Amino acid sequence: MPDPNARWLTRLPRLRLGKALPLSLLALSLLGAPALAQTGGVLPLASVGEKWPIDIETYVIRVSAQDAGKPIGLEVYSPTLNLTDYADGRRTKAEGYFGDELYQKNIQFSTTFTLSSTTGQVFERTFGMNREHTWESLWASGLPAGTYSLKVNSSGDGKNSFALRVTSPFTLETSDFTINARDTEQRDLLVARLTVPAEWVGKTLSVTDYDVDGPSEAQTWVAQPGNKRIDLPSSDNGKYATVKFPLTAAMVGEWAVYIKVLPTTKQYSNAVTYSFRLDDKPIPARVGGFTPPTNVKINSQLLVDVVDLQGQPIPGASYTVGGDNVVRPVLPGGYVPVSATVLQGKGNVISPTELRYTPGDVKLRFVARPPYKLLVDVVDPQGRPIPGASYVEAKDNSVRPVLPPGYVPVSATVIQGSGNVISPTELRYTPGDVKLRFVARPPEGALSVDSVAIYGTQRIPLTGVPFTLGGKTYSTPVTLPLQPGDYPVGPTQIPGSGVGTPPPGHVVDGTTGRVTIEYTPRTEVTLLTTPDVLNACDVTQLTATAKTDFPYKLPATLNLNLPAGWSSDYPLSLRGDLSASAPLRLKVPVRVCRTDSAEAALDPVNLRTTGQARVRSPGGSNITRNVEQGARAGVAKSIEASEGGYTVTLQITADSTLENVQITDPLPGGSQTLVRGPVTVNGPSLANLSPRIDGDIITLSRVIPGTYTLTYQLLTSLPADQILTPPDIRW
């Protein structure tokens, strides 16, 4: 039946295909010689249009870096479906039989060959039906390094047998493919070759055949190294058969898979699919390739190159061949034809896009250039592309950048070609290969972050205080270049202080924002009076102490304020730097002539506490602790002589609920006969009144506001002036 695609196919006379014969089985019969069976050759490949496991046959060509640019020489024999082979009734021994089959009359059948790489399509050729076997060069030129896939896809109810080959050092590889076994002289027909490397030892190689149609149709086997034959099961009609080979060192080397058509076959030709797996993963075998008979010369071959001005193949380019022997290039979008040339053989140049050739050994070349290129860079001052930037082009050949919000134009330049700079945001160019560049800077400001201690009325600058911003850690003071925006600042805790989260830093282009982290140190002051019970106008010692856990220096003044009737010849004020490592301590001897209380005051925070002294005998001692932003508590100690020793009384006052209050009550040293009796506690009923005693420390686990009295007997022979020891209180 007529071939609808015949106008674009290269047709060669049936009796002039000598070099085009892909197999030794093929057709010396085409030249009038007897049919020659294939012996150890490579079988034709096949593409089935419908109802077949493999919808698209795929073959891989690998181009290494050292082989880049070498001619591929990808050629196909019988890419069309020859109606004479089956539809018109030709049988196996008929002249030129190759195994093409069309199963329904008056239907269309076509086969498409597509070569692609990871970067896109190289070419696509579609072949229809005719009544002769043709020879086609699919791609004669070189290719860049990479991996290329040749996909063969047939459409229609039939089977198209064809043969492929490439020039050395290239090979055709595939893991799943279909061959056409159509020999009637019971010869060993080579299916594929496979190299088993030493690295595969210990793994499992699987060989699968599909649709052999049973053992009466054909035998198939594997030839392992040393020509060791292992038979494969002949799969039933529409069935798979698999043999698994656990690989050993003796199996390393070249394998070959064969098939032989048996005399009991009932078919003109038999399409069989083979698959190769290594541990159930596809592995490629080598297929295709053939050596034409030495006494036959191809006298009609068409090679067409479509290249750029440098002679490199144009990706995605192809060509068509008309029935009038006119060849036309198929160019990617935008490419401009430059020239057409007959490199070998005879032909006429009609135009840069048309060549008419005389059949024979012909090589043609079309040259095209890419369209004029307009390249526009929108970069920052360091030459880096600006994310999100683009450009717009007007009909008057003016170009303007489109910048992300806030970016500031810097300059515009014509890098290549001709043009005029209108402004940093506009360029007008002359059409051609042009490269333009716009430079813009990102909006940029700065944020200054410092930290201070708020101590009374003082703002004390702090250095080396860490903080976080944008997931990174910095130390104050610091100024950071930043793009405009709001930036939350995360302060870190400093012992002995409180800190709040400052408002986010606000950055505006060209300005410096400021954030100050404010810390509020916590300090405490105590006043110890010892002894606190004395005879009239005797001398006691007042010890005022200011402490903090804040590690930075805090300028402070510690003052003692004496009531009427108390006097001292020593300074009552101490100025210095208060910190966690350096408390302030003021010790002053004071003459006490009346019962009253002295006051210790810490400036500039105006933190105050008092200490009492009573003019009586035998004496006592007390201490009051006042914690800034916290609680106030004190302990007064007195002793009274009793039988065998003394009665010791500790009176504790607290203005807040406190946990784990520790009263330090040192026992006098230097006595081996000193014994402390049981401690009794009186106080508010809701408090925990069960003390824990550990050496000199008496602990009350919880107290509430109020007054508590602790009493115990101290048995000792020491005199009274050695019994009174100063107490302390902490929580």
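Not measured: the values here are computed from a predicted model. Here, residue 1 is the first one in the sequence, and each next residue gets the next number.
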Counting distance only, does the side-chain N/O of D509 pair as donor-acceptor with the main-chain N or O of E444 below 3.5 Å?
-> yes
Spatial distance of atom OG1 (T664) from atom CG (L650) [nearest 0.5 Å] | 10.5 Å
Check whether any side-chain heavy atom of P726 lies under 4.5 Å from a side-chain heavy atom of Q541, and answer yes or no.
-> no
Find the distance between OG1 (T523) and CG (L554) and round it off to the nearest 0.5 Å.
-> 7.5 Å
How long is the gap from CZ on R514 to OG on S448, to the nearest 0.5 Å?
-> 4.5 Å
Could you check if a side-chain atom of Y487 sits within less than 4.5 angstrom of a side-chain atom of L480, using non-hydrogen atoms only?
-> no
Can T610 and S597 be counted as having a side-chain donor-acceptor contact under 3.5 angstrom?
-> no
Intermediate values then yes/no, side-chain contact (heavy atoms from CB on, under 4.5 Å), V635 and K637 = CA-CA 7 Å; V635 57; K637 178 179 179 180; 5.6 Å; no
Does the side chain of D450 come under 3.5 Å of the side chain of T476 through a donor N or O and an acceptor N or O?
-> no
Which residues pass the side chain to side chain donor-acceptor pair (under 3.5 Å) test with Q651, sequence neighbours left out?
-> none
CG-CG distance between L427 and N397, expressed to the nearest 0.5 angstrom | 12.0 Å
Any E599 side-chain heavy atom under 4.5 Å of L527 side chain | no
Do the non-hydrogen side-chain atoms of K587 and T543 ever get within less than 4.5 Å of each other?
-> yes
Hits for ring-ring contact (aromatic ring centres under 6.0 Å, His included) against Y407, two or more places apart or cross-chain, chain-then-number order -> none
Set of salt bridge (charged side-chain N to carboxylate O under 4.0 Å, His left out) partners for R522, sequence neighbours left out | none
Check the pair V449, I517 against side-chain contact (heavy atoms from CB on, under 4.5 Å), reporting the backbone distance first and the verdict last.
-> CA-CA 8 Å; V449 183; I517 304 173; 4.2 Å; yes
Do T526 and K547 meet the criterion of a side-chain donor-acceptor pair at a distance under 3.5 Å?
-> no
Heavy atoms, side chains only, cut-off 4.5 Å: are V252 and V201 in contact?
-> yes
When rounded to the nearest 0.5 angstrom, what is the spacing between CD in E518 and CZ in R459?
-> 4.5 Å
Taking the side chain as every heavy atom from C-beta outward, state whether P491 and Y519 have any atom pair closer than 4.5 Å.
-> yes
Residues passing the ring-ring contact (aromatic ring centres under 6.0 Å, His included) test with F467, sequence neighbours excluded, are Y474
Under the ring-ring contact (aromatic ring centres under 6.0 Å, His included) rule, collect the residues that match up with F550, sequence neighbours excluded.
-> Y552
Stepwise, does the side-chain contact (heavy atoms from CB on, under 4.5 Å) test hold for L534 with V539?
-> CA-CA 8 Å; L534 63 165; V539 175; 5.9 Å; no
Could you tell me whether the side chain of T711 and the main chain of T649 form a donor-acceptor pair under 3.5 Å?
-> no
Atom pairs and distances, donor-acceptor, side-chain atoms in residues 695-704, under 3.5 Å, two or more places apart:
{"residue": "D696", "atom": "OD1", "partner": "L667", "partner atom": "N", "Å": "3.4"}
{"residue": "S701", "atom": "OG", "partner": "N688", "partner atom": "ND2", "Å": "2.7"}

What's the spacing between T709 OG1 and I652 CD1 if we round to 0.5 Å?
-> 8.5 Å
Is any side-chain heavy atom of E524 less than 4.5 Å from a side-chain heavy atom of R730?
-> yes
Below 4.5 Å, heavy atoms only, C-beta onward: do R632 and S656 meet side chain to side chain?
-> no
Verdict with supporting geometry, D665 and Y712, side-chain contact (heavy atoms from CB on, under 4.5 Å) = CA-CA 12 Å; D665 179 30; Y712 65 89; 2.4 Å; yes
Donor-acceptor contact below 3.5 Å, side chain Q458 vs main chain P555 = yes
Could you check E393 against S398 for side-chain hydrogen bond (donor to acceptor under 3.5 Å, both in side chains), going step by step and ending with a plain yes or no?
-> CA-CA 6 Å; E393 182 180 4; S398 63; over 6 Å; no
